[in-house]
2 protein chains.
Amino acid sequence: MFYTPVVPPRPQRTPSQDIVPEVLAAALDLIATEGPEGLTVRALARRAGVAPMSIYNHFDGKNGVLDAIIIDGFNILASESDTTLNDPRENLLAGSGAYRTFALEHRAHYTAMFLHQFVGYTPSPDTMYVAAKGFEILAGQVQQCQQAGLFADRLYPDVAQQLWAAVHGYVALEIFGINFASDRDKVFYDFVGSLLRGLDSPNA
Amino acid sequence: MFYTPVVPPRPQRTPSQDIVPEVLAAALDLIATEGPEGLTVRALARRAGVAPMSIYNHFDGKNGVLDAIIIDGFNILASESDTTLNDPRENLLAGSGAYRTFALEHRAHYTAMFLHQFVGYTPSPDTMYVAAKGFEILAGQVQQCQQAGLFADRLYPDVAQQLWAAVHGYVALEIFGINFASDRDKVFYDFVGSLLRGLDSPNA
DNA sequence: CCAACTATAGAACGATGTTCTACACTCCTG
DNA sequence: CAGGAGTGTAGAACATCGTTCTATAGTTGG
């Protein structure tokens with residue numbers, strides 16, 4: 001009369017050390033496939049094969065997951081866009097291209113970092129620190145250009161801000177689906193190249 | 001024994017023709033003061049002094065309110081940035097400045113139009129149409145420049161896209177609070193001017 | 001003055017983030 | 001190898017969200 005199931009119905013518990021990476025992967029997957037609004041605690045736990053409570057035990061709730069994604073994103077962005085070519089101007093062009101590639105290929109990261117304001121989310125101090133470090137990398141590359149004689153009569157943080165604004169604006173409209181350029185890649189490089197050329201001539 | 005209140009406790013019903021403008025004003029006020037996440041149907045009705053059901057009787061729910069805000073925003077933007085100076089290049093510069101002024105002064109409009117993705121919102125066909133018209137105004141201004149000899153070896157929709165990306169990027173970072181420029185106004189005009197100068201020289 | 005219209009209040013439904021509690025599995029220690 | 005501490009899980013609970021429905025009451029035109 002006793003009945004023992006032949007197959008354990010499912011691994012009942014997720015080992016502790018697997019939870020964080022699986023939740024992060026599931027969160028990126030959710031944002032990429034369902035959009036930022038698809039990132040809910042219940043859906044996240046379901047896709048990660050984990051109990052909702054684990055989001056609170058291993059992260060600080062949904063905000064903690066967002067902090068983890070954003071910090072991860074800044075680390076990837078820093079490692080991919082901190083190029084070190086000999087020509088500092090080429091270096092800046094290559095960095096801009098790498099920034100755009102990061103945004104397009106890690107759309108979920110970029111969305112969480114710069115495009116979507118998640119309701120109730122405020123970045124943690126750690127997140128703010130990593131973000132500031134990211135801007136410093138860009139500013140450093142511009143400074144190297146200046147030491148090579150470019151952007152002569154401008155402040156390098158201003159040039160960094162202008163370059164960042166341009167690249168972010170182009171990428172944001174691209175991701176929003178409102179880019180009507182004839183050839184997105186070519187128009188992008190022409191865009192950044194033209195801006196650098198214009199910024200290298202004297203301030204009007 | 002009968003008691004008649006000397007003052008009617010409050011106007012019980014809002015006259016029909018007042019509801020739409022009051023709801024729109026309350027929605028802009030809510031976004032501006034509480035942020036986009038503060039725009040909830042209940043809070044909106046409360047601030048407008050109106051029943052929640054009115055949002056559904058006079059608009060198509062929350063999405064209808066957003067459509068109304070966005071269409072209103074595009075109309076304001078078109079009327080303010082469609083400048084007609086004699087010099088087409090000056091015209092483009094003035095239009096860019098007007099775009100930025102619109103974004104900064106009508107922050108709630110601009111947020112709904114380009115910065116925040118409201119959960120569950122998809123623009124109505126009418127909204128899409130008005131938005132496309134807005135891009136055509138910009139493209140027309142660029143085309144006038146081209147007829148005057150500027151941006152010679154480039155396609156005018158590409159130049160329009162590049163200019164829009166630049167201005168939107170600058171404004172977006174400004175509104176997000178991550179603009180580190182020494183003087184925001186001056187750096188903006190230097191930004192747009194440099195881009196136009198660079199785009200006027202031959203394509204590399 | 002009455003009938004058609006419509007703004008209102010309030011309950012209801014499913015879904016959200018979050019917290020709490022009881023339970024069951026794991027794994028280290030004695 | 002047994003047992004207890006630690007921890008992942010399930011589920012209920014709370015307030016709030018957008019939305020729908022119903023019944024009521026105020027307004028207005030004929």
Legend entry - Non-neighbouring partners of Asp153(A) that pass side-chain hydrogen bond (donor to acceptor under 3.5 Å, both in side chains), sequence neighbours left out: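 For Asp153(A) there are no side-chain hydrogen bond (donor to acceptor under 3.5 Å, both in side chains) partners, ignoring immediate neighbours.
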Legend entry - Set of residues satisfying side-chain hydrogen bond (donor to acceptor under 3.5 Å, both in side chains) with respect to Thr83(A), sequence neighbours excluded: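 Listed in chain order: Asn91(A).
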Inset, instruction - Could you list the residues that satisfy salt bridge (charged side-chain N to carboxylate O under 4.0 Å, His left out) with Arg89(A), not counting sequence neighbours? - result: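 Once residues adjacent in sequence are excluded, Arg89(A) has no partner under the salt bridge (charged side-chain N to carboxylate O under 4.0 Å, His left out) criterion.
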Inset, instruction - Under the salt bridge (charged side-chain N to carboxylate O under 4.0 Å, His left out) rule, collect the residues that match up with Lys133(B), sequence neighbours excluded. - result: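 In terms of salt bridge (charged side-chain N to carboxylate O under 4.0 Å, His left out), with neighbours along the sequence ignored, Lys133(B) is linked to Glu136(B).
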Inset, instruction - Using the six-membered ring wherever Trp is involved, compare the ring planes of Tyr110(A) and Tyr99(A) and label them parallel, tilted or perpendicular (cut-offs 30° and 60°). - result: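 Rings of Tyr110(A) and Tyr99(A): perpendicular, as their planes differ by over 60°.
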Legend entry - Stretch residues 51-72 of chain B: residues that reach within less than 4.0 Å of DNA chain C through a heavy atom: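 Going residue by residue through residues 51-72 of chain B, the ones with a heavy atom under 4.0 Å of DNA chain C turn out to be Ala51(B), Met53(B), Ser54(B), Asn57(B), His58(B).
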Legend entry - Close residues, residues 108-121 of chain B, relative to DNA chain C [heavy-atom separation under 4.0 Å]: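 Heavy-atom contacts with DNA chain C come from no residue of residues 108-121 of chain B; none.
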Inset, instruction - Specify the separation, in whole Å, of atom CD of Glu34(A) and atom C1' of dT16(C). - result: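 After rounding, the reported distance stands at 16 Å.
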Inset, instruction - Quickly work out the Asp18(B) CG to dT27(D) C1' distance and round it to whole Å. - result: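 Rounded to the whole Å, the gap is 13 Å.
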Inset, instruction - Go through the structure and list residues passing side chain to side chain contact (heavy atoms under 4.5 Å, CB included) with Ser124(B), not counting sequence neighbours. - result: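 Residues passing side chain to side chain contact (heavy atoms under 4.5 Å, CB included) with Ser124(B): Asp67(B), Asp126(B), Thr127(B).
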Inset, instruction - For Asp158(B), check side chain to side chain contact (heavy atoms under 4.5 Å, CB included) against everything at least two apart and list the hits. - result: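 Testing Asp158(B) for side chain to side chain contact (heavy atoms under 4.5 Å, CB included), a comparison that skips the adjacent residues, returns Ala181(A), Ser182(A), Val187(A), Leu155(B).
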Legend entry - Counterpart residues, ring pair (Phe, Tyr, Trp, His ring centres under 6.0 Å), relative to Tyr156(B) (two or more places apart):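 Per chain and number, Tyr156(B) pairs via ring pair (Phe, Tyr, Trp, His ring centres under 6.0 Å) with no residue.
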Legend entry - Contacts of Tyr170(B) that satisfy ring pair (Phe, Tyr, Trp, His ring centres under 6.0 Å) - sequence neighbours left out: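 Partners of Tyr170(B) under the ring pair (Phe, Tyr, Trp, His ring centres under 6.0 Å) test: Phe188(B), Phe191(B).
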Pairs of donor and acceptor atoms involving the side chains of residues 21-36 of chain B, under 3.5 Å and at least two apart or interchain, shall be tabulated with distances.
unit_1   : atom_1 : unit_2   : atom_2 : d
Asp29(B) : OD2    : Arg47(B) : NH1    : 2.7
Thr33(B) : OG1    : Asp29(B) : O      : 2.8
Thr33(B) : OG1    : Arg47(B) : NH1    : 3.4

Inset, instruction - Go through residues 35-47 of chain B and report each residue with a non-hydrogen atom lying under 4.0 Å from DNA chain D, sorted by number. - result: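 Residues of residues 35-47 of chain B under 4.0 Å from DNA chain D: Leu39(B), Thr40(B), Val41(B), Arg42(B).
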